[in-house]
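Beneath this line is the structure, given in structure tokens, with notes to follow.
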Amino acid sequence: MELHYEYGGEIYKVHLEQRSGNFKVRIGDKLYDVSMSRLGDGKMHIKANGLPFYSKIASSGQKRFIFLDGETYHLKRIIKPIPHDHVEGEILSPIGGKIIKIFVAEGDIVEENQDLLIVESMKMEYRVKAPFKATVMRVKHGEGTVMNTGEVLLDLERIYSDNQAEW
Amino acid sequence: MFEKVLVANRSEIAIRVLTACQEMGIKTVAVYSDVDANSPHVRFADEAYCLGDPAPTESYLNIEKIIAAAKETGVEAIHPGYGFLAENPLFSMRCEKEEIVFIGPRSRVIRLMGDKVRAKRTVEKAGVPVIPGYHGTDTSTETLIEEGRKLGFPLFIKAVLGGGGKGMRIVRREDELESSIESCKREALSAFGDSSLFLEKYLARPRHIEFQILGDRHKKVIHLFERECSIQRRHQKIIEETPSCALTSYLREKMGEAALRVAEAVGYTNAGTVEFMMDENKNFYFLEMNTRLQVEHPITEAVTGVDLVKWQFRLASGEHLTLRQDNLHQIGHAIECRIYAEDPTREFLPSTGRLHEVELPRGINVRHDSGIETGLEVTRHYDPLLSKLTVHAENRRESIEKMIWALSKYVILGVVTNVGFLKHILSNESFKSGEITTHFIEEHSKELFPKPKIPDEALIAAVLAETIDEPQAQVLKVSAENDPYSPWKTAGNWRNIPR
């Protein structure tokens, strides 16, 4: 079977084949002969092409948390690869928290890096800035609204200046 | 000594203080908000009192509720931990009025040191240098802009009642001054209930070095040496160590004396910390005094062998400070790392979620002050500090090696943490050679924030985990039959005795 994971904005394809207790794993053009012993609670001793390592895994929904050699990797399993996930002009909340200040109104033209609004979380202020020059199409929430991470705050429409069209 | 004490805090520091109480035979009361009902600190105390609504102002910051809890449970004293009400003079005054002992200095001293401008004036009078800046009483935006221009850039804007890295901005250019003043005012108002600001000259390549103080009610004050806390992000410390490799024994003595002068000038009692900034030429300046137990107190405990929290209780109950300055020594070297639920690659944004798995490193001279466990929910209501890892070894090099080892055994699955980032810092050559300043993270951002790479091993582990996803009962059978020496064979029939 072929599995897809997202990590650091990139999609990784991993091919897995089970063969009488052992596994063949292919990542890109690399092939691994893999065996494992399960230690319970998501802990595994794994041997890939003869090299042993230890890993511990937990999952929640499509999220995969992988502890390996002192580092923790946060992956997302992608069941059906979505071709175009992110809409360019959607400004998402970088953090769960409360909108305490909105600087712009619908119809405003904002410059790149201009402050759009401030989200407060754990008594710290996070300034959400415009990623590019744009028109504010929609302000989705008012001041005082509590947002979750990744919720859409604003819709922007990018403005391309005439003399330097971006390719 | 007190019979019964309430700990007005949560998470790791509540547990730290409760531990000291239990060791001393003091009965304990914990407080908690609704979302913390399942937190370890609640179970750790003899009694627990629910404060309700998780909003800090309705729970851990709510003076009325904490006082009501103290009266209802009949405690003699309240330990505030750090943060929340620890440096709120209204709270300590209220305790004094209600005849409940506040574990900390007198409210007059908290008020004085909490006003960063009055504190500077007092300290200057005692002959200790302070960082130049604007400390005037007029803190209107117009005046601050004018004074800021005079002082020159870069400069710091700070809240008069500030602390803990909040209500603080660095301004690098004149055109950022006005918006920074305004946002700083808002943050100061929401965090400290007062929007007054002052300005401070920005020191180039400074180190943050602080001295631990203990004082009794009989005018005796000692210091327990320094802690270097230069490694900071968002103006908050993340790695602390002692001794500081920037100090010679001569400088240590001079700074220790200055710290004692500060404490004596205000009649300081209980545990406190005098913070200094040190410039490239090793000139030191008073920054502020923290009138409470510090987050990073474990490293001082490691190298001096003194239990600071127990002393807080003894000093608050009026006992004499029997520690002698000339008997105190720094043995070996200690480092503390603060483990935060935050994403270093996304400007240290706090991360929330359920902790699916927590496995703490266990080792020789590894101390763990933790408020977390598997299954705990990290919410957005409070500070994202999860735990503190402290190691103690013979010297700085070994201490760094031990910390890198301990971090690499530290498993937290479910939220993003700074564990990997801390390891990058400790492994950095400049850090190892002791070339550190409060700008360390910005100056080394290239090495400290490598492009995220995932090794094939992690992907292999991920796919293998999918194959065992289906829940399988994993009952461990005790196979006594095969082991002739098993104690199960001779144990006979055990049964539960009904009470």
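In the text below, chain A, chain B and the rest are named by the order of the sequence lines, each starting its count at 1. Just so it is clear, the structure is predicted and the values come from calculations on it, not from any experiment.
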Could you tell me which of G9(A), A58(A), A48(A) has the largest number of non-hydrogen atom pairs under 4.5 Å with chain B?
->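 Among the listed options, the one with the most contacts to chain B is A58(A).
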
When heavy-atom pairs shorter than 4.5 Å are enumerated against chain B, which of I27(A), V25(A), I46(A), T72(A) gives the highest number?
-> I27(A)

What option among L349(B), L407(B), D456(B), V411(B) has the most heavy-atom pairs under 4.5 Å with chain A?
->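 Max contact count across the listed options: D456(B).
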
T417(B) and Y410(B) side chains, donor-acceptor separation under 3.5 Å | no

Without hydrogens or angle criteria, can the side chains of K101(A) and S183(B) be said to hold a donor-acceptor pair below 3.5 Å?
-> no

Under 4.5 Å from any heavy atom of chain A, what part of [X] do you find: side chain, backbone, both or neither?
| X | answer |
| --- | --- |
| E457(B) | both |
| T379(B) | backbone |
| R354(B) | neither |
| I404(B) | neither |
| K451(B) | side chain |
| K409(B) | backbone |

Spatial distance of atom CD1 (I238(B)) from atom CD1 (I339(B)) [nearest 0.5 Å] |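 Rounded to the nearest 0.5 Å, the CD1-CD1 separation comes to 9.5 Å.
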
Rounded to the nearest 0.5 Å, what's the gap from CD on E58(B) to OG on S33(B)? Could you check?
-> 11.0 Å

Centroid separation H74(A) to Y7(A) less than 6.0 Å |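 Ring-ring flag for H74(A)/Y7(A): false, centres at least 6.0 Å apart.
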
Please flag which part of [X] lies under 4.5 Å from any non-hydrogen atom of chain B: side chain, backbone, both or neither.
| X | value |
| --- | --- |
| I57(A) | both |
| D115(A) | neither |
| I118(A) | side chain |
| V146(A) | side chain |
| K43(A) | side chain |

Could you tell me whether E187(B) and R169(B) have a side-chain N and a carboxylate O separated by less than 4.0 Å?
->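 Judged by the 4.0 Å cut-off on N to carboxylate O distance, E187(B) and R169(B) do form a salt bridge.
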
Kindly determine whether V378(B) and S351(B) satisfy side-chain contact (heavy atoms from CB on, under 4.5 Å), including the steps that lead there.
-> CA-CA 8 Å; V378(B) 179; S351(B) 155; over 6 Å; no

Please assess Y12(A) against H4(A) for the test ring-ring contact (aromatic ring centres under 6.0 Å, His included), listing each intermediate value before the final yes or no.
-> CA-CA 6 Å; Y12(A) 293 84; H4(A) 297 83; over 10 Å; no

Do Y32(A) and K24(A) have side-chain heavy atoms sitting under 4.5 Å apart?
-> no

